[in-house]
J.: 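Structure below; questions to follow.
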Amino acid sequence: MPEKPYDHKEVELKWHEQWKDHPEIYSTDAASPRPKYYVCEMLPYPSGRLHMGHVRNYSIGDALARYMWMRGYDVLHPMGWDAFGLPAENAAIKRGRHPREWTLDNIAEMKRQMKRMGFAYDWNREVSTCEPEYYRWNQWFFLKMFERGLAYRKEALLNWCPECNTVLANEQVVEGCCWRHETTPVEQRALVQWFLKITEYAEELLNDTYKTLEGGWPERVLTMQRNWIGRSEGTEVDFTLEGTDTKIRVFTTRVDTIYGATCVIMAPEHPLVDSLIEPDKRDALKAMIDSRARKDPADLEKEGLATGKFAVNPYSGQKVPIWVGNFVLMGYGTGAIMAVPAHDERDFEFCKQYGIAIVPVIRPVDGELADAATMKEAYGEYGVTVNTGQWSGLASADAKKQMSDFAEQNGFGKAAITYRIKDWGISRQRYWGTPIPVIHCEKCGIVPVPEDQLPVVLPLNVEITGKGRSPLENVPEFLNVNCPQCGAAARRETDTMDTFVDSSWYFYRYCDSTNDKAPFASQVANHWFPIDQYIGGVTHAILHLIYSRFWTKVMRDIGLVTTGEPAKNLFTQGMVLKDGTAMSKSKGNIVDPEEMVEKYGADTCRLFVLFAAPPERDMDWQESAVSGQRRFLERVYRFVTAHVDKASIAAGEPTPGDRRALRKLHQTVRKVTTDFDSRWHFNTSIAALMELVNELYEVRNDLTANSLPEVLEKLTLLLGPFAPYASQDLWDQLGRQGLVFRQPWPSYDDELAKEEQAEIPVQVNGKLRAKITVAFGTDAKELERLALAEPKVRAFTDGKQVVKIIVVPDKLINIVVK
RNA sequence: GCCCGGGUGGCGAAAUCGGCAGACGCAACGGACUUAAAAUCCGUUUUCGCGCAAGCGGAGUGCGGGUUCAAGUCCCGCCCCGGGCACCA
């Protein structure tokens with residue numbers, strides 16, 4: 001058979017047609033004795049088109065899934081749609097299309113693109129979060145959490161984006177602005193909201209980053225989560241409002257410095273402030289609250305208001321002035337602090353500014369107490385206490401412990417742990433989301449929708465204007481309902497859930513995606529979980545990945561699953577950049593994968609995103625480099641098709657070409673296998689395949705049936721995880737049956753991979769001077785003799801004194817001369 | 001300010017445990033094939049100096065020190081780029 005040119009359209013469309021309506025070829029086999037492997041890529045938002053970030057993410061996951069199939073695992077590899085969310089409503093406003101219609105069209109389009117890319121998903125398990133069959137379980141989980149006191153309502157000052165017309169979670173605020181509208185400053189509004197008590201799990205979420213997840217998740221992600229949780233050990237202490245019984249509770253991590261406290265500062269929103277502040281300062285107070293809401297916290301100047309009142313320090317009995325400060329946060333600790341300017345940088349700045357006293361009470365272990373009058377900055381380190389009553393002369397750490405205990409014994413405080421993480425506000429005044437399943441009854445108050453009445457279906461006949469409150473308020477048949485408890489006329493909750501709820505548990509639904517009795521059967525989830533490999537962008541390092549961890553722990557506590565963490569291993573791939581910045585519509589630097597597929601083929605596209613950089617690193621898109629991958633595929637294709645016939649002709653003795661080809665082949669199998677089993681540097685795997693093909697071209701006239709059948713078969717199989725279409729087509733050309741990714745992964749033999757002879761560099765004083773070729777295993781003595789005899793070496797050693805010779809057998813010789 | 005990444009040819013990168021720096025690919029240049037071009041195949045390409053040349057020698061992984069027979073890799077001190085956090089008491 002003459003060599004065949006590679007025509008990507010012919011090859012890919014042929015197999016695409018055969019595969020596209022057969023999701024079962026990628027299905028799992030419950031009856032299989034093979035070990036399970038669950039590989040999951042983060043599900044996309046159905047924006048309408050696949051972008052290069054998706055292609056990269058899914059090419060990594062797909063290569064892994066195919067490899068694991070070939071390694072004999074029962075692989076679960078599903079895909080779904082994060083289908084609720086704002087863009088659908090924006091599209092409705094802009095184009096007058098219904099969010100559902102728009103979303104479903106986008107899903108259909110992206111699914112088509114994914115199939116064209118050749119991603120091996122079991123579409124029978126597809127999950128779409130905007131379908132009632134899915135979101136009814138969001139509601140079900142909500143009710144379970146409500147029962148357990150994990151879902152509750154409270155009024156709070158919350159971030160409000162005037163552009164989105166909705167509340168944002170703290171996590172959705174980026175530098176004081178909305179995460180979607182980076183130039184729109186977030187405002188503060190007081191609203192009654194639904195919250196999930198993630199703080200209840202703060203300790204466990206933190207601990208697991210040191211236990212279960214350590215090693216399997218990138219350290220970077222774990223660090224970000226630890227910072228986000230922000231655990232801090234300290235003491236709560238009550239100061240007393242002078243002349244009253246009113247307590248002002250403060251939180252401090254440095255109770256050992258409390259003798260240096262020279263004022264108490266309260267957050268402007270603190271509930272006590274209103275009664276403390278002089279009436280003529282009310283306006284200034286309001287201005288303070290508003291300006292903080294509007295400004296980027298980074299460039300907020302410190303500002304304070306003296307209340308004219310005093311507080312009594314429970315340790316020293318001393319009275320200190322009470323201030324209001326714009327840098328004190330209501331949402332952290334107790335909303336009030338004691339200011340110790342001598343030992344806290346921020347307090348120092350504040351007290352200097354307002355001429356408040358500075359009293360040092362900690363000296364360095366080997367130094368003097370600072371002089372209040374001359375000190376230029378706060379001393380924030382630990383040290384030894386000075387002038388602190390009965391606790392004078394103690395090490396900071398001991399003083400902290402003893403003084404904390406003292407507060408507790410005397411009833412004016414206690415040791416306390418504070419977290420930075422706050423409860424998760426899930427209410428959204430939006431249409432395209434999961435309705436929160438509660439009813440507001442005038443008599444009964446908040447009444448959860450009974451479980452057997454789920455789902456609370458999102459009505460479709462709404463008008464979306466993007467103005468005012470939720471569109472659901474204008475749908476009477478949704479809004480008006482009878483109270484499930486007393487039967488009286490009542491009102492449905494119109495808030496919908498944050499879409500992070502949808503993505504917090506979707507990967508469990510894949511296991512049992514059609515279950516209509518439960519979110520999923522525990523037994524099935526317990527088989528597949530934890531996910532063996534979760535893959536996605538580092539942009540989700542905090543939000544999605546902490547919420548889904550929380551969700552899993554709740555599911556465990558209600559008895560649905562046995563594991564406390566959803567994913568054993570996490571891989572975060574780098575971004576795809578163009579000209580050094582992220583591709584985005586506003587920058588107009590989008591590369592459409594579909595154009596690449598049309599021009600070069602899906603296989604080339606996949607090879608390229610894997611080849612251009614190691615997967616965890618950001619990669620800059622350079623279209624000029626794509627042609628190299630295309631050329632490589634052409635070379636492979638021509639080589640295999642040209643040698644198919646020759647492979648079946650009986651041959652005599654193996655030629656030197658046969659031996660070289662086999663050696664390189666086994667080296668390549670080993671290299672690719674190692675890359676898969678360790679660090680997924682597919683760029684080097686593909687480079688190894690290229691080296692193999694280059695070598696095969698070099699010896700192509702000297703190849704016989706002694707090597708060709710094995711070479712052609714293994715080369716084809718090695719290509720499978722990266723270029724599934726070309727690989728399958730070559731498999732077919734080789735006259736083989738079945739699906740490539742269901743074949744066993746090729747094996748290698750270290751002996752066959754071994755070079756015949758070792759080429760050993762010889763250095764003189766660390767500089768390469770010659771190379772000698774010897775048999776493997778040549779002993780050190782002999783190597784030394786050969787090296788010293790080498791003319792190029794002698795040019796540098798003659799007339800000099802040989803001080804030392806380092807010999808690393810089979811590796812290197814270094815002769816040290818003087 | 002704090003915490004992570006990263007800095008290697010014209011470009012993307014490789015060097016996995018301290019042992020030949022630049023694999024593989026892009027781009028460029030040259031050769032073969034061709035009437036010609038494309039495609040393909042083969043070759044050259046870190047840089048400087050010497051040489052007609054095969055070659056020989058020096059320098060070289062952001063900068064400055066150090067450890068070592070040997071450093072892109074380890075240690076100390078800086079600079080630059082990217083990301084995250086940022087009054088969290």
Side-chain angles (χ1 to χ4, degrees), chain A residues 3 5 175 218-224 226-228 230-232 234 250-254 257 265 292 297-298 300-302 325-329 331-340 343-347 349-350 380 418-422 538-539 541-542 574-575 577 580-581 607-608 611-614 616-629 631-632 634-635 638 671 674-675 678-679 681 683-691 693-694 697-698 700 759-771 792 795 803-808 811-817:
Chain A
E3 70 173 33
E175 287 174 14
E219 204 48 45
R220 180 161 64 126
V221 172
L222 295 179
T223 306
M224 282 163 76
R226 285 168 197 153
N227 292 341
W228 192 258
R231 183 184 196 272
S232 175
V250 303
F251 173 76
T252 177
T253 54
R254 291 296 302 275
T257 66
I265 312 175
R292 180 158 75 179
L300 198 67
E301 301 273 308
K302 280 194 176 52
N326 67 340
F327 69 101
V328 178
L329 306 172
Y332 182 79
T334 60
I337 62 163
M338 62 175 199
V340 184
H343 302 295
D344 182 281
E345 197 192 313
R346 298 153 300 182
D347 298 346
E349 192 192 323
F350 185 84
T418 307
Y419 299 91
R420 207 187 77 110
I421 192 171
K422 298 185 187 80
V538 74
T539 39
I542 300 174
M575 290 188 298
L577 308 175
T581 50
L607 275 174
F608 179 72
F611 180 76
E616 73 278 8
R617 206 136 93 191
D618 289 350
M619 63 171 277
D620 204 71
W621 182 268
Q622 297 203 5
E623 184 166 344
S624 61
V626 176
S627 58
Q629 307 312 308
R631 261 200 290 267
F632 167 62
E634 288 170 358
R635 271 162 76 78
R638 279 199 311 269
K671 170 68 183 158
T674 314
D675 277 341
S678 58
R679 46 176 207 170
H681 278 198
N683 52 331
T684 60
S685 309
I686 294 166
L689 287 170
M690 290 173 163
E691 281 188 62
V693 172
N694 290 347
Y697 269 82
E698 267 181 56
R700 65 181 179 278
E759 196 184 45
I760 301 180
V762 183
Q763 300 177 337
V764 178
N765 286 347
K767 283 188 179 148
L768 181 69
R769 297 303 180 189
K771 289 181 185 182
K792 284 178 187 164
V803 181
K804 195 174 180 183
I805 301 181
I806 285 98
V807 179
V808 187
K811 273 269 165 175
L812 170 134
I813 300 161
N814 188 11
I815 302 164
V816 186
V817 298

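In what follows, chains carry the letters A, B, and so on, assigned in the order in which the sequence lines appear, proteins first and then strands, with residues in each chain numbered from 1. Owing to the predicted nature of the structure, the values given are computational and were not obtained by experimental measurement. What's counted below: heavy atoms across the whole structure, side chains too, no hydrogens, waters or symmetry copies.
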J.: Any luck finding a side-chain donor-acceptor pair between A:N694 and A:R635 under 3.5 Å?
T.: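 Distance-only check passes for A:N694 and A:R635.
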
J.: Would you say A:S232 places a side-chain N or O within less than 4.0 Å of OP1 or OP2 belonging to B:rA89?
T.: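 Yes, because at least one side-chain N or O of A:S232 sits under 4.0 Å from OP1 or OP2 of B:rA89.
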
J.: Atom CD of A:E616 and atom C1' of B:rG84: how far apart are they, to the nearest Å?
T.: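 To the nearest whole Å, that distance equals 18 Å.
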
J.: Between A:V340 and A:D347, which heavy-atom pair has the shortest distance, and what is it?
T.: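 Taking A:V340 first and A:D347 second, the nearest heavy atoms are N-OD2, 2.9 Å.
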
J.: In terms of relative ring orientation, are A:F350 and A:F327 parallel, tilted or perpendicular, with 30° and 60° separating the classes?
T.: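 A:F350 vs A:F327 ring planes: tilted.
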
J.: Rounded to the nearest Å, what distance is computed from the CG atom of residue A:N326 to the P atom of nucleotide B:rC87?
T.: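 Taking CG of A:N326 and P of B:rC87, I get 11 Å after rounding.
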
J.: May I have the distance from A:F327 (atom CZ) to B:rA86 (atom C1'), rounded to whole angstrom?
T.: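 After rounding, the reported distance stands at 15 Å.
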
J.: Let me know the distance between CG of A:D620 and C1' of B:rC26, rounded to the nearest Å.
T.: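 For the pair A:D620 CG and B:rC26 C1', the rounded distance is 13 Å.
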
J.: Taking only the P atom of each, what is the distance from B:rA13 to B:rG18 in whole angstrom?
T.: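 Each nucleotide's P atom is 23 Å from the other's.
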
J.: Looking only at side-chain N and O atoms, does A:R700 come under 4.0 Å of OP1 or OP2 in B:rU40?
T.: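 For B:rU40, OP1/OP2 do not have a side-chain N/O of A:R700 under 4.0 Å.
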
J.: With heavy-atom distances below 4.5 Å as the criterion, would you say the side chains of A:R226 and A:R231 are in contact?
T.: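 When only atoms from C-beta onward are counted, A:R231 and A:R226 do not touch, as no gap falls below 4.5 Å.
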
J.: Can you check the distance between B:rG12 and B:rA23, where both ends of the measurement are the C1' atom (answer in whole Å)?
T.: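 It comes out at 14 Å once rounded to the nearest Å.
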
J.: Could you state the CZ-P distance from A:R635 to B:rU40, rounded to the nearest angstrom?
T.: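 To the nearest whole Å, that distance equals 9 Å.
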
J.: Remember a base hit wins even if backbone is also touched, and classify A:N694 as base, sugar-phosphate or nothing at under 4.0 Å, heavy atoms.
T.: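 Counting heavy atoms under 4.0 Å across all strands, the contact made by A:N694 is with sugar-phosphate only.
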
J.: Need one value for A:R679: base, sugar-phosphate or nothing, where a base atom within 4.0 Å counts as base even if backbone is also close, heavy atoms only.
T.: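 The answer is base, as A:R679 lies within the cut-off (heavy atoms under 4.0 Å) of a base atom.
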
J.: Can you tell me how far C1' in B:rC24 sits from the matching atom in B:rU34, rounded to whole Å?
T.: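 Approximately 30 Å lies between the C1' atom of B:rC24 and that of B:rU34.
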
J.: From the options B:rG25, B:rA89, B:rA13, select the nucleotide whose nearest atom is closest to the side chain of A:R617.
T.: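 The nucleotide sitting nearest to the side chain is B:rA13.
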
J.: Check this one for me: any side-chain N or O of A:N683 less than 4.0 Å away from OP1 or OP2 of B:rC24?
T.: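 For B:rC24, neither OP1 nor OP2 has a side-chain N or O of A:N683 closer than 4.0 Å.
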
J.: Does some side-chain heavy atom of A:M338 sit less than 4.5 Å from a side-chain heavy atom of A:T257?
T.: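 With C-beta onward as the side chain, the pair touches.
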
J.: Just compare B:rC24, B:rA27, B:rC56 and give me whichever is closest to any side-chain atom of A:K792.
T.: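 For the A:K792 side chain, the nearest candidate turns out to be B:rC56.
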
J.: Using a 4.5 Å cut-off on heavy atoms from C-beta on, say whether the side chain of A:N765 contacts that of A:V816.
T.: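 Contact flag for A:V816/A:N765 side chains = yes.
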
J.: Run through RNA chain B and report every stem of 3 or more consecutive Watson-Crick or G-U pairs, distances under 3.5 Å, ordered by first number.
T.: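 Detected stem regions: B:1-7 with B:79-85, B:10-12 with B:24-26, B:27-32 with B:40-45, B:46-50 with B:55-59, B:62-66 with B:74-78.
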
J.: Verify, without hydrogens or angle tests, whether A:R700 (side chain) and A:Y697 (backbone) share a donor-acceptor contact under 3.5 angstrom.
T.: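 Yes: the side chain of A:R700 pairs with the backbone of A:Y697.
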
J.: What interatomic distance, in whole Å, is found between C1' of B:rG10 and the corresponding atom of B:rA27?
T.: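 Per the computed distance, 8 Å lies between those C1' atoms.
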
J.: With a non-hydrogen cut-off below 4.0 angstrom, is A:P614 in contact with a base, only sugar-phosphate, or nothing?
T.: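 Answer is sugar-phosphate: A:P614 comes under 4.0 Å of backbone atoms only.
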
J.: Do side-chain atoms of A:D618 reach the backbone of A:M575 as a donor and acceptor pair under 3.5 angstrom?
T.: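 Side chain of A:D618 to backbone of A:M575, a donor-acceptor pair under 3.5 Å: yes, one is there.
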
J.: I want to verify a distance call: between B:rC26, B:rC11, B:rC20, whose nearest atom is closest to the A:Q622 side chain?
T.: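 That would be B:rC11.
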
J.: Counting N and O atoms only, with roles assigned by atom type, does the side chain of A:D344 sit under 3.5 Å from a partner on the main chain of A:A339, one being a donor and the other an acceptor?
T.: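 No, the answer is negative, given that no donor and acceptor are paired below the 3.5 Å cut-off.
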
J.: Taking the P atom of each, how far is B:rA53 from B:rA14, in whole Å?
T.: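 Between the two P atoms, the distance is 36 Å.
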
J.: Between B:rG62 and B:rG82, how far apart are the two C1' atoms, rounded to whole Å?
T.: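 Straight-line distance between the two C1' atoms is 15 Å.
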
J.: Roughly, in whole Å, what's the span from CD in A:E349 to P in B:rG1?
T.: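 Answer to the nearest Å: 15 Å.
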
J.: Contact between A:Q629 and A:I686 at the side-chain level, heavy atoms closer than 4.5 Å - yes or no?
T.: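 Yes; the side chains approach each other to less than 4.5 Å.
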
J.: Using the P atoms only, state how far B:rG6 lies from B:rG57, rounded to an integer number of Å.
T.: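 Those two atoms are separated by 36 Å.
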
J.: Is there a side-chain contact between A:W621 and A:F608 in this structure, where contact means two heavy atoms from C-beta onward sitting under 4.5 Å apart?
T.: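 Contact flag for A:W621/A:F608 side chains = yes.
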
J.: Does B:rC41 have OP1 or OP2 sitting under 4.0 Å from an N or O in the side chain of A:R638?
T.: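 So the side chain of A:R638 is within the cut-off, an N or O lying under 4.0 Å from OP1 or OP2 of B:rC41.
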
J.: Just checking A:V340: base, sugar-phosphate only, or nothing, at a heavy-atom cut-off of under 4.0 Å?
T.: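 Contact class for A:V340: none.
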
J.: Once you round it to whole Å, what is the distance between P of B:rG25 and CD of A:E623?
T.: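 After rounding, the gap between these two atoms is 20 Å.
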
J.: Which residue, A:E698 or A:M690, contacts RNA chain B at a nucleotide closer to its 5' end, judged by nearest heavy atom?
T.: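 Result: A:M690.
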
J.: Show each protein N/O and nucleotides 67-75 of chain B N/O combination with a separation under 3.5 Å, one pair to a line.
T.:
unit_1: B:rC69; atom_1: O2'; unit_2: A:N814; atom_2: ND2; d: 3.2
unit_1: B:rC69; atom_1: O2; unit_2: A:N814; atom_2: ND2; d: 2.8

J.: Under 4.0 Å between a side-chain N or O of A:R220 and OP1 or OP2 of B:rG6?
T.: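 Looking at the OP1 and OP2 atoms of B:rG6, neither is under 4.0 Å from any side-chain N or O of A:R220.
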
J.: Hey, does A:R420 reach any base, or is it just sugar-phosphate, or nothing, if we go heavy atoms under 4.0 Å?
T.: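 Base contact.
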
J.: Look at the side chain of A:R631 and decide which nucleotide, out of B:rG12, B:rA23, B:rA27, has an atom nearest to it.
T.: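 Given the options B:rG12, B:rA23, B:rA27, the side chain of A:R631 is closest to B:rA27.
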
J.: Map A:A613 and A:V626 onto RNA chain B by nearest heavy atom, then report which one ends up closer to the 5' terminus.
T.: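 Comparing both residues, the 5'-ward one is A:A613.
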
J.: Which whole-number value in Å describes the distance from A:W228 CH2 to B:rC3 P?
T.: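 Taking CH2 of A:W228 and P of B:rC3, I get 19 Å after rounding.
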
J.: Does A:R769 reach a base, just sugar-phosphate, or nothing at all? Heavy atoms under 4.0 Å.
T.: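 If one applies the 4.0 Å heavy-atom cut-off, A:R769 turns out to touch the sugar-phosphate alone, with no base involved.
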
J.: Indicate syn or anti for B:rG25, taking the glycosidic torsion and treating anything within 90° of 0 as syn.
T.: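 Glycosidic conformation of B:rG25: anti.
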
J.: I'd like to know if the side chain of A:R254 reaches the main chain of A:G380, judged simply by a donor and an acceptor atom lying under 3.5 Å from each other, with no hydrogens or angles considered.
T.: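 Answer holds: yes.
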
J.: Distance between the P atoms of B:rG77 and B:rG84, in whole angstroms?
T.: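 Looking at atom P only, B:rG77 and B:rG84 are 27 Å apart.
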
J.: Do other residues, nucleotides or ligands put more than 12 heavy atoms under 6.0 Å from A:E345 CD?
T.: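 Check fails, neighbour count at 12 or below.
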
J.: Checking understanding here: a glycosidic angle within 90° of 0 is syn, the rest anti, so what is B:rC76?
T.: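 Here B:rC76 takes the anti form, which means its glycosidic angle is more than 90° from 0.
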
